[in-house]
Amino acid sequence: MTAGSRLGRWMFFGVIALITLWFVAALALPWLQRERSKPGRAFSEKVIGDALHPVIIRTPEGMALVDSGKKDAKGQAVMVACATCHDTRDPNYKIDQGEALQEFHKGLNYQHGSLTCLSCHNANDYNSLKKADGQSLEFSQSMQLCSQCHGPQFRDYQNGSHGGMTGHWDLRQGSRERNTCTDCHDPHHPKYPLVLPVFPPKPVIGEAILPVDQSHPH
Ligand code: HEC
Ligand code: HEC
Ligand code: HEC
Ligand code: HEC
């Protein structure tokens, strides 16, 4: 046996030994450190007290404004409050579809049962909304508006099974944030847009690719 082939064999077994050591170490190290990664400790070093953090419900933006179509000196759109025009106009209780709007608010995408505009908007003060009992309601409180007609969904929302949430499940660890109805539903066409939950299956070679309906945003 030559010196060269002996050296070659030593190197071969040496490399095998190194690889084996590597695997053993990869298994043994976490096992040796297992005390440090007990469940519930791995991701949070915080001491959990009994105090509960708040559940924050996002509020919609305050009063709605519309683009007047005019530009100011800096070229920015001039936004106006609703009452600017509506204080001097007679309310129209009949309008219940977007197509009926010819003078202003043209092209409003509207599809909400058979509600008229003034089922929700306050004919006595267009800067606010109106509850079923006639009381005025700030735009920022629109969840109350939705809830009076959609009791089951509001109940589900309160139970946490409708409307989603982010933040902490365990309120002792941190706060939780909840959406408001209009984060997901446009009040004027509230139907939730259709979504594609998964990528469509890849077509079999030779098969026609069906067009995906892109008319709904996401
Ligand atoms: C620049 C003037 C102007 C502003 C500002 C304005 N509107 Fe109007 N609005 C109109 C006109 C004009 C009509 C009637 C449109 C038609 O009948 O074709 C109208 C119609 C409406 C209607 C239908 C019922 C009715 O009384 O005619 C509602 C509801 C309404 N507006 C809500 C609002 C809200 C809410 C705002 C603020 C976010 C607002 N408007 C801002 C001019 C305005
Ligand atoms: C179900 C209640 C409801 C009905 C019905 C309704 N609105 Fe609204 N509208 C709202 C709410 C709530 C807002 C505040 C905007 C938001 O939170 O996204 C709003 C905002 C507006 C705005 C300002 C912002 C925007 O979207 O341009 C205008 C203008 C408006 N509505 C006009 C109308 C008109 C015209 C009708 C009837 C064709 C109508 N609304 C019917 C609830 C309603
Ligand atoms: C005055 C009562 C009333 C108010 C206020 C109201 N809705 Fe509705 N909503 C209805 C009616 C009626 C329907 C139609 C039900 C049907 O067709 O079965 C409807 C339908 C819906 C739908 C289902 C749409 C579809 O086509 O599947 C959603 C979502 C919805 N509303 C959300 C809202 C939200 C969000 C608000 C608050 C901005 C709101 N609603 C305020 C009465 C109301
Ligand atoms: C995180 C988004 C989100 C929020 C916030 C939300 N919804 Fe919905 N909502 C949905 C989705 C998604 C659907 C469609 C469910 C389906 O098609 O099965 C829906 C459906 C509805 C419907 C139609 C009936 C039904 O159950 O399918 C109504 C009415 C409704 N929501 C009312 C509300 C009200 C009132 C609020 C506020 C208290 C609210 N939603 C908040 C996402 C949301």
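FYI, side chains are in, hydrogens and waters are out, and symmetry mates aren't considered; it's all heavy atoms of this structure. Just so we're clear, the structure is a prediction, and the values are computed from it rather than from any experiment.
Judged purely by atom type and a 3.5 angstrom limit, R176 uses its side chain to pair as donor or acceptor with the backbone of W169. Put simply, the side chain of Q102 gets close to the backbone of E99: a donor and an acceptor are under 3.5 Å apart. The backbone N or O of S161 sits nowhere less than 3.5 Å from a side-chain atom of N159 that would complete a donor-acceptor pair. Looking at D67, its side chain never comes within 3.5 Å of a backbone N or O of M79 through a donor-acceptor pair. Checking side-chain atoms of S175 against main-chain N and O of H53 turns up no donor-acceptor pair under 3.5 Å. Side-chain atoms of N127 come within 3.5 Å of backbone N or O of A83 as a donor-acceptor pair. Using modelled atom types, no side-chain atom of Y157 and backbone atom of P152 make a donor-acceptor pair closer than 3.5 Å. Within the 3.5 Å criterion, the main-chain N or O of Q76 finds a donor-acceptor partner in the side chain of D72.
Among all heavy-atom pairs drawn from S114 and D96, the shortest one is O-CB, 4.4 Å. Nearest heavy atoms, L118 versus P91: CD1-CB, 3.8 Å. Between K130 and L145 the shortest heavy-atom distance is O-CD1, 3.2 Å. Heavy atoms only, all atoms of each residue included: A25 and P30 are closest at O-CD, 4.2 Å. Minimum heavy-atom separation, P190 to Q111: CD-O, 3.2 Å.
Taking 4.5 Å as the limit, some side-chain heavy atom of L115 sits within range of a side-chain heavy atom of Y110. Annotation: side chain of H188 is not in contact with side chain of N109 (no heavy-atom distance under 4.5 Å). You'll find the side chain of R178 stays beyond 4.5 Å of the side chain of R58, heavy atoms only. In this structure, V80 and L65 have side chains that are not in contact, with every pair of non-hydrogen atoms separated by 4.5 Å or more.
Atom-to-atom distance recorded for C82:SG and D87:CG is 10.0 Å, nearest 0.5 angstrom. Expressed to the nearest 0.5 Å, how far NE2 of H112 lies from SG of C117 amounts to 12.0 Å. Here the CD atom belonging to Q97 is positioned 11.5 Å from the CG atom belonging to L108, to the nearest 0.5 angstrom. Separation of atoms CG (L129) and OG (S142) is listed at 6.5 Å; rounding is to 0.5 Å. In this structure, CG on N92 lies 9.0 Å from OG1 on T116, to the nearest 0.5 angstrom.
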Please report the C-alpha distance between M143 and I57 in whole Å, then the side-chain angles of each, then the deciding distance to 0.1 Å, and finally whether the side chain to side chain contact (heavy atoms under 4.5 Å, CB included) criterion is met. CA-CA 10 Å; M143 187 185 277; I57 298 179; 4.0 Å; yes
Side chain to side chain contact (heavy atoms under 4.5 Å, CB included) between L101 and I95, intermediate numbers included: CA-CA 8 Å; L101 298 158; I95 298 186; 3.9 Å; yes
Check the pair K131, Q148 against side chain to side chain contact (heavy atoms under 4.5 Å, CB included), reporting the backbone distance first and the verdict last. CA-CA 8 Å; K131 286 203 280 189; Q148 61 182 3; 3.7 Å; yes
Is there a side chain to side chain contact (heavy atoms under 4.5 Å, CB included) between H121 and F139? Walk through the geometry before answering. CA-CA 9 Å; H121 289 279; F139 274 99; 4.0 Å; yes
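The hydrophobic cluster containing V55 does not contain M165, counting ILVMFWY residues as joined when their side-chain heavy atoms lie under 4.5 angstrom apart, directly or transitively.
In this structure F154 satisfies the ring-ring contact (aromatic ring centres under 6.0 Å, His included) test with no other residue, sequence neighbours excluded.
Under the 6.0 Å distance and 45° angle rule, R89 does not count as a cation-pi partner of F104.
Classified by interplanar angle (parallel below 30°, tilted 30° to 60°, perpendicular above 60°), the ring pair Y192/H185 is perpendicular.
The pair R172-D170 meets the salt-bridge criterion, with a side-chain N (NZ, NE, NH1 or NH2) lying under 4.0 Å from an Asp/Glu carboxylate O.
Remark: the N122 side chain and the S128 side chain contain an N/O donor-acceptor pair separated by less than 3.5 Å.
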